[in-house]
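These numbers come from a predicted model, not from an experiment.
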Amino acid sequence: PECVKIQKHVFITGCDSGFGELLARQLDQKGFHVLAACLTEKGAADLAAKASPRLKTLLLNVTDSESIRRAVEVVSKEVGQRGLWGLVNNAGRSVPIGPTDWMQLDDFTAVLDVNLIGVIDVTLQFLPLLKKAQGRVVNVASILGRLSLIGGGYCLSKFGVEAFSDSLRRDMAHFGIKVSIIEPGFFKTAVTRLDLIEADLKRLWTRLPQDIKASYGTAYFGDSQGFSMGILCSPDISKVTRCMEHALTAYFPRSRYSGGWDAKLFWIPLSYLPSFVSDFVISVLLPLPKDERSI
């Protein structure tokens with residue numbers, strides 16, 4: 001069963017491409033009043049061209065509290081006394097990712113600021129409007145919020161989103177707000193674009209001290225480019241947006257949704273197995289360092 005959608009407003013972050021862009025169009029077609037936040041003017045213009053006049057776009061940088069505050073003001077005027085029915089925290093970034101000793105602190109914070117601190121900041125600022133409508137919060141985590149597959153800030157941020165969402169769900173249950181976590185497997189979106197990941201890995205590699213390069217071996221860099229993306233990313237991102245829509249419309253939304261068969265049948269089951277099993281499986285999937293220092 002679905003809730004009545006008339007006059008329901010949903011605010012979605014990260015609508016330039018991928019899940020956010022598709023969800024915005026999907027909900028727009030279903031009659032929702034969609035407020036789609038994009039990082040770039042081009043993203044906003046492209047989305048507006050594909051949607052009905054009812055959909056409204058705005059620019060938002062989730063790492064900038066002032067930008068979020070301005071978005072809250074715009075949304076506040078739109079929703080009036082009805083409040084905000086849905087908040088979808090979808091904006092995210094993946095790079096830099098790679099071996100931990102290739103990283104500097106800034107590489108971690110660059111990802112954490114968007115994927116975790118940004119989610120927390122947006123949620124805190126929009127909570128008063130959500131309370132008014134007794135609405136829904138939908139947070140996009142990942143199967144990498146269950147299983148840490150690669151170094152860098154991405155897995156950390158998604159584990160954090162899981163914990164934040166669990167706390168939020170329990171705290172907000174008293175106020176009629178329901179919180180759902182989306183855990184997609186691997187899909188073809190900007191987050192998994194191999195050209196972006198490879199370019200960033202090259203950036204990390206070129207600045208490494210010679211001894212770290214030698215400890216991994218020059219062959220490692222070539223191998224690492226495919227890492228877990230060698231497991232084919234699904235092009236059907238609607239598997240994830242259907243989960244998001246259910247979380248926003250069902251009378252009894254689930255606490256967690258796993259998107260994609262790889263998440264359901266492989267990654268999430270693997271996360272429940274003993275660590276030595278998951279360590280072994282991941283070591284098979286990822287390239288191994290070939291220490292050249294002793295040669």
Side-chain angles (χ1 to χ4, degrees), residues 1-5 8-15 18-28 30 32-37 62 75 79 83-92 114-116 118-147 157-185 187 189 191 237-264 267-268 271:
E2 294 196 351
C3 304
V4 180
K5 286 175 267 199
K8 281 191 161 43
H9 289 78
V10 177
F11 180 78
I12 309 166
T13 68
C15 292
F19 302 139
E21 192 264 359
L22 180 58
L23 180 66
R25 290 192 288 114
Q26 198 173 302
L27 295 179
D28 179 48
K30 298 268 170 84
F32 278 93
H33 293 265
V34 177
L35 300 149
V62 299
V75 173
V79 303
L84 180 65
W85 173 254
L87 166 64
V88 182
N89 281 305
N90 166 72
V114 176
N115 293 7
L116 180 57
V119 167
I120 294 168
D121 198 356
V122 169
T123 305
L124 292 177
Q125 294 203 43
F126 275 97
L127 271 179
L129 290 175
L130 288 157
K131 275 185 171 180
K132 212 177 264 189
Q134 295 193 325
R136 308 282 170 90
V137 179
V138 179
N139 288 335
V140 181
S142 168
I143 50 97
L144 298 180
R146 297 280 198 112
L147 196 66
S157 70
K158 295 304 185 180
F159 269 75
V161 167
E162 296 264 351
F164 173 66
S165 304
D166 281 338
S167 308
L168 184 71
R169 186 181 65 253
R170 290 163 190 145
D171 291 340
M172 291 299 111
H174 310 289
F175 304 103
I177 294 174
K178 293 182 166 69
V179 180
S180 297
I181 303 168
I182 312 290
E183 299 173 331
F187 286 87
T189 67
V191 166
I237 64 173
S238 69
K239 287 175 182 167
V240 175
T241 57
R242 282 198 299 271
C243 295
M244 294 166 160
E245 187 181 329
H246 189 274
L248 289 164
T249 58
Y251 280 118
F252 300 107
R254 297 177 204 155
S255 300
R256 278 178 170 76
Y257 294 83
S258 48
W261 289 111
D262 63 325
K264 289 182 172 72
W267 297 113
I268 289 176
S271 75

Self-check item: Nearest heavy atoms of Ala263 and Ile143, plus distance in Å
Solution: CB-CG2, 3.4 Å
Side-chain atoms of residues 169-178: list all donor-acceptor pairs with protein atoms under 3.5 Å, sequence neighbours left out, distances to 0.1 Å.
{"residue": "Arg169", "atom": "NH1", "partner": "Asp166", "partner atom": "OD1", "Å": "2.8"}
{"residue": "Arg169", "atom": "NH2", "partner": "Asp166", "partner atom": "OD1", "Å": "3.2"}

Quiz item: Between Glu162 and Lys158, is there a salt bridge with N-O shorter than 4.0 Å?
Solution: no
Practice problem: Mind checking the CG-CZ spacing from Leu124 to Phe126? Nearest 0.5 Å is all I need. | Solution: 11.5 Å
Quiz prompt | Between OG1 on residue Thr241 and CZ on residue Phe19, distance to nearest 0.5 Å | solution = 8.5 Å
Quiz item: Can you tell me how far the CG atom of Leu147 sits from the CD atom of Glu183, to the nearest 0.5 Å?
Solution: 11.0 Å
Exercise. Locate the shortest heavy-atom distance separating Asn115 from Gly92; write the atom from each residue and the value.
Key: OD1-CA, 3.2 Å
Self-check item: Spatial distance of atom CZ (Arg256) from atom CG (Asn139) [nearest 0.5 Å]
Solution: 11.0 Å
Practice problem: Quick one: closest heavy-atom pair of Ala91 and Val62, and the distance? | Solution: CB-CG1, 4.2 Å
Exercise. Calculate, to the nearest 0.5 Å, the distance between atoms OG and CD1 belonging to Ser165 and Ile120 respectively.
Key: 9.0 Å
Self-check item: Donor-acceptor under 3.5 Å (Arg254 side chain, Cys243 main chain)
Solution: no
Quiz item: Does the side chain of Val79 reach to within under 4.5 Å of the side chain of His33, using non-hydrogen atoms?
Solution: no
Quiz item: Shortest non-hydrogen contact from His9 to Leu84?
Solution: O-CD1, 3.4 Å
Self-check item: Counterpart residues, salt bridge (charged side-chain N to carboxylate O under 4.0 Å, His left out), relative to Asp121 (two or more places apart)
Solution: none
Quiz item: Where do Val34 and Ala24 come nearest, in terms of heavy atoms and distance?
Solution: CG2-O, 3.7 Å
Quiz item: Can you tell if the side chain of Leu127 reaches within under 4.5 Å of the side chain of Leu168, non-hydrogen atoms only?
Solution: yes
Practice problem: Say whether, by atom type as modelled, one donor and one acceptor occur between the side chain of Arg146 and the main chain of Trp267 under 3.5 angstrom. | Solution: no
Self-check item: Side-chain heavy atoms of Lys30 within contact of Glu245, under 4.5 Å
Solution: yes
Exercise. Could you please spell out the steps behind the side chain to side chain contact (heavy atoms under 4.5 Å, CB included) verdict for Met244 and Val140?
Key: CA-CA 9 Å; Met244 294 166 160; Val140 181; 3.4 Å; yes
Quiz item: Would you say the side-chain atoms of Thr13 pair up with the backbone N or O of Asn90, donor to acceptor, closer than 3.5 Å?
Solution: yes
Quiz item: Rounded to the nearest 0.5 Å, how far does CG of Leu22 lie from CD1 of Ile12?
Solution: 9.5 Å
Quiz item: Just wondering, do Phe164 and Thr123 contact through their side chains at under 4.5 Å, heavy atoms?
Solution: yes
Quiz prompt | N/O donor-acceptor pair under 3.5 Å between Trp85 side chain and Leu248 backbone | solution = yes
Quiz item: Angle class for the His246/Tyr257 ring planes (parallel below 30°, perpendicular above 60°, tilted otherwise)?
Solution: perpendicular
Practice problem: Give the minimum heavy-atom separation between Ala141 and Val161, together with the two atoms involved. | Solution: CB-CG1, 4.0 Å
